[in-house]
Amino acid sequence: MSMKINGIYSDSRTSYAERLKAEQFFDRAEKAEETNKVHKDPESSDKIPVPCDEYICSERSRVKPSGMYQLGQNEDGSRKIVFDGPKKSGEKCVGNTDKVDREIKKLKEKQQQLEQQINAASGDEQKVRELEKKLVQVEGELRQKDNDTYRRQHSTFSRISLSV
């Protein structure tokens, strides 16, 4: 149902019925004046009519109602306003970072192993250099993966149906 408002109700002392009667009286008077002006003064017909708000029934305007309120019927068959709200059951989305956490844990374990191997192979310079290169690679990979952005990008999401 689309609705347009007609009139200004600044005077709150009068009742709705009195305002309605006054509006109808003024509407009839305005229509009579417009018909007289059209017949008497041809120049006034060139003027642009003053825009005003008015109620347009959605059935006549052929516009589908917007919003969550619609005109419906109750058990008796009489009209009522129906609230078309969200469904009773919903869904919840859950993120899982277990896979990323396992990957980071393996990298940290590998880093510790490499550090232990470097300490154990302190006599062999060539082996220490190779282990240090591997350690630098693992530390770089850890810096890249051990942060919230990487976790968010590589987490898996699943939907859980909620019933209320």
Side-chain angles (χ1 to χ4, degrees), residues 1-20 23-24 27 48-164:
M1 166 185 343
S2 55
M3 183 183 297
K4 296 183 181 177
I5 300 170
N6 184 11
I8 299 171
Y9 301 110
S10 60
D11 190 1
S12 60
R13 291 184 209 132
T14 59
S15 71
Y16 176 74
E18 292 172 347
R19 287 193 309 253
L20 192 59
E23 270 188 48
Q24 290 172 351
D27 285 345
I48 299 172
V50 177
C52 64
D53 297 332
E54 65 182 52
Y55 172 79
I56 299 175
C57 181
S58 62
E59 294 158 357
R60 283 189 284 158
S61 66
R62 296 186 185 117
V63 176
K64 197 170 189 178
S66 62
M68 296 165 64
Y69 294 95
Q70 296 180 1
L71 190 60
Q73 293 182 346
N74 62 5
E75 300 82 34
D76 303 337
S78 59
R79 290 183 166 192
K80 73 172 189 173
I81 295 176
V82 179
F83 176 70
D84 187 23
K87 306 292 183 224
K88 295 281 182 183
S89 62
E91 291 182 343
K92 186 177 181 181
C93 202
V94 178
N96 188 353
T97 60
D98 289 346
K99 185 177 179 182
V100 178
D101 292 337
R102 273 180 284 177
E103 193 176 337
I104 292 170
K105 185 177 178 182
K106 285 181 183 179
L107 285 172
K108 287 184 179 179
E109 288 173 358
K110 190 172 183 180
Q111 181 185 22
Q112 286 179 349
Q113 288 175 355
L114 287 171
E115 287 172 351
Q116 289 175 357
Q117 289 176 359
I118 289 172
N119 291 336
S122 58
D124 191 5
E125 292 285 327
Q126 189 176 1
K127 191 173 183 181
V128 170
R129 284 190 208 128
E130 287 178 25
L131 291 172
E132 284 177 348
K133 281 184 182 180
K134 288 181 183 178
L135 183 62
V136 169
Q137 287 176 346
V138 170
E139 287 173 345
E141 204 171 337
L142 260 174
R143 265 188 254 113
Q144 180 186 8
K145 294 181 179 181
D146 195 9
N147 59 52
D148 289 338
T149 307
Y150 184 84
R151 279 190 173 89
R152 252 185 258 121
Q153 289 174 347
H154 293 84
S155 20
T156 55
F157 293 93
S158 58
R159 292 183 185 164
I160 297 174
S161 180
L162 302 173
S163 57
V164 177

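Predicted, not measured: the structure shown is a model, and the values here were computed from it. Numbers here simply count residues along the sequence, with the first being 1.
- With hydrogens and angles disregarded, a donor-acceptor distance shorter than 3.5 Å links the side chain of Asn147 to the backbone of Thr149.
- Shown here are the side chain to side chain contact (heavy atoms under 4.5 Å, CB included) partners of Ser158, two or more places apart in sequence or in another chain: Val94.
- Within the structure, the salt bridge (charged side-chain N to carboxylate O under 4.0 Å, His left out) test picks out the following pairs touching residues 135-144 (sequence neighbours left out): Glu141-Lys145.
- In terms of heavy atoms, Cys93 sits closest to Phe157 at SG-CB, 4.0 Å.
- Listed by first and then second residue, the ring pair (Phe, Tyr, Trp, His ring centres under 6.0 Å) pairs involving residues 119-153 are Tyr150-His154 (not counting sequence neighbours).
- At a threshold of 4.5 Å between non-hydrogen side-chain atoms, the residues Lys99 and Arg102 count as touching.
- Here the CD atom belonging to Glu109 is positioned 12.5 Å from the CD1 atom belonging to Ile104, to the nearest 0.5 angstrom.
- Surrounding NZ of Lys108 are at most 12 heavy atoms belonging to other residues, nucleotides or ligands under 6.0 Å away.
- Sorted pairs that involve residues 113-136 and meet salt bridge (charged side-chain N to carboxylate O under 4.0 Å, His left out), not counting sequence neighbours, are lacking altogether.
- We find the CG-CD distance between Leu107 and Gln144 to be 10.0 Å, quoted to the nearest 0.5 Å.
- For the side chain to side chain donor-acceptor pair (under 3.5 Å) test, residues two or more places apart in sequence or in another chain that qualify with Arg151 are Asp101, Asp146.
- Residues passing the side chain to side chain contact (heavy atoms under 4.5 Å, CB included) test with Thr156, sequence neighbours excluded: Asn96.
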